[in-house]
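Worksheet for the structure shown next.
Scope of the values below: all heavy atoms of this structure, side chains included, with no hydrogens, waters or symmetry mates.
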Amino acid sequence: MDQQNWTCHETAIVDDGARIGAGTRIWHWTHVCGGAVIGEGCSLGQNVFVANRVRIGNRVKIQNNVSVYDNVVLEDGVFCGPSCVFTNVINPRAEITRKDEYRDTLIRRGATLGANCTIVCGVTVGEYAFIGAGAVVTRDVPDHALMVGVPARRDGWMSRAGARLGADLVCPIDGTRYRLSGPEQLEPMP
């Protein structure tokens with residue numbers, strides 16, 4: 001394994017076969033399995049686990065105590081807050097093997113997953129969506145949606161810059177204007 005372009009703390013374990021992009025940093029007590037693919041410029045915090053059938057894009061930040069299980073894909077620019085939770089089986093039992101029942105989970109580009117949120121397997125979280133701390137996501141999330149609660153429900157819209165949008169749908173950080181293109185679809189205006 002060529003480790004010239006990425007760094008790894010001495011306590012971390014990176015299994016042979018893992019593909020890790022340039023500039024990625026892997027911190028204390030983290031374990032990356034041999035089938036994992038991790039992009040460039042990522043940061044994996046303390047006590048992170050990355051399973052074999054995981055794909056992580058570029059510039060992804062995974063904070064401490066996050067386990068990214070098989071069949072999870074994190075696209076470019078995703079932020080996973082401390083202790084956020086992924087699942088991959090909808091009805092697990094210790095006495096029954098269900099590896100052939102794993103459901104795919106997709107976290108789209110630029111999405112933010114708040115601390116201690118739970119992403120139930122089989123959902124897609126849309127681009128630049130924002131999942132609030134402690135929320136439990138049980139269904140697909142539209143692009144730019146702000147989701148809070150248990151189960152998570154849409155409570156507003158977020159800009160690409162990470163600001164909550166007001167009624168005028170203008171980002172207070174960068175001035176980008178957005179429009180509703182359907183009841184649950186928000187997009188930046190050209």
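Cluster annotation: V123 and L74 are assigned to the same hydrophobic cluster (Ile/Leu/Val/Met/Phe/Trp/Tyr, side-chain heavy-atom contacts under 4.5 Å, transitive). L106 and V125 end up in different hydrophobic clusters when Ile, Leu, Val, Met, Phe, Trp and Tyr side chains are linked at under 4.5 Å. There is no path of hydrophobic side-chain contacts, each under 4.5 Å, that joins Y102 to F86. Side-chain heavy atoms closer than 4.5 Å link hydrophobic residues (I, L, V, M, F, W, Y) into clusters, and following such links, even through other members, never connects I131 to V120. Both I56 and V14 are part of a single hydrophobic cluster, where members link through side-chain heavy atoms under 4.5 Å apart.
Counting only distance, with no hydrogens or angles, the side chain of R153 and the backbone of V148 share a donor-acceptor pair below 3.5 Å. Listed for the T11 side chain is a donor-acceptor partner under 3.5 Å among the backbone atoms of W29. With T24 contributing its side chain and G39 its backbone, the two residues share a donor-acceptor pair below 3.5 Å. Distance alone, capped at 3.5 Å, is enough to place a donor-acceptor pair between the D70 side chain and the N52 backbone. Side-chain atoms of S181 do not come within 3.5 Å of backbone N or O of L186 as any donor-acceptor pair. In this structure, the side chain of N64 engages the main chain of Q46 through a donor-acceptor pair within 3.5 Å. One N or O on the side chain of H144 and one on the backbone of M158 form a donor-acceptor pair closer than 3.5 Å.
Across all non-hydrogen atoms, the minimal contact from Y128 to R160 is OH-NH2, 2.7 Å. Closest non-hydrogen pair, A51 versus A36, comes out as O-CB, 3.5 Å. Counting all heavy atoms, side chain and backbone alike, D15 lies closest to C33 at OD2-CA, 3.5 Å. Across every non-hydrogen atom of P188 and T176, the tightest pair is CB-CG2, 4.2 Å. G114 and C84 make their closest contact through O-CB, 3.8 Å (heavy atoms, listed as atom of the first residue, atom of the second, distance).
In this structure, the separation between CG on L146 and OG on S159 is 11.0 Å, given to the nearest 0.5 Å. Atoms CG and CD, on L169 and E187 in that order, are 11.5 Å from each other to the nearest 0.5 Å. Note that CG of N88 and CG of N71 are 6.5 Å apart. Values are rounded to the nearest 0.5 Å. One distance of note links CD1 of I62 with SG of C80; it measures 5.0 Å at 0.5 Å rounding. One finds the CZ atom of F79 at 8.5 Å from the CZ atom of F130 (value rounded to the nearest 0.5 Å). Of the inter-residue distances, the one linking E184 atom CD with D143 atom CG reads 11.5 Å to the nearest 0.5 angstrom.
At a threshold of 4.5 Å between non-hydrogen side-chain atoms, the residues D104 and V73 do not count as touching. Inter-residue side-chain proximity for C121 and I90 is flagged as met; some heavy-atom pair is nearer than 4.5 Å. In this structure, V66 and L113 have side chains that are not in contact, with every pair of non-hydrogen atoms separated by 4.5 Å or more. Annotation: side chain of C171 is in contact with side chain of L165 (closest heavy-atom distance under 4.5 Å). At least one side-chain heavy atom of W6 sits under 4.5 Å from a side-chain heavy atom of I26. R179 has its side chain within reach of P190: a pair of non-hydrogen atoms, C-beta onward, lies under 4.5 Å apart. With contacts defined as side-chain heavy-atom distances shorter than 4.5 Å, the pair V78/K61 does not qualify. You'll find the side chain of I38 reaches within 4.5 Å of the side chain of V32, heavy atoms only.
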TODO: Report the C-alpha distance between I119 and I107 in whole Å, list the side-chain angles of each, state the deciding distance to 0.1 Å, and finish with yes or no for side chain to side chain contact (heavy atoms under 4.5 Å, CB included).
DONE: CA-CA 9 Å; I119 309 299; I107 311 301; 4.2 Å; yes
- Task: Show the numbers, then the answer: is there a side chain to side chain contact (heavy atoms under 4.5 Å, CB included) between D155 and R164?
- Result: CA-CA 10 Å; D155 190 45; R164 186 175 184 153; 3.5 Å; yes
| request: Test V85 against S83 for side chain to side chain contact (heavy atoms under 4.5 Å, CB included), laying out the working first. | output: CA-CA 6 Å; V85 175; S83 301; over 6 Å; no
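Within a 6.0 Å radius of CZ in R98, other residues, nucleotides and ligands contribute more than 12 heavy atoms. For W27, the CH2 atom counts as loosely surrounded, since its 6.0 Å shell holds 12 or fewer non-hydrogen atoms of other residues, nucleotides or ligands.
With respect to the salt-bridge test (charged N to carboxylate O, under 4.0 angstrom), the residues E40 and R59 do not qualify. Under a 4.0 Å N-O distance rule, the pair E75/R109 does not qualify as a salt bridge. A salt bridge does not link D140 to R108: none of the charged nitrogens lies less than 4.0 Å from a carboxylate oxygen.
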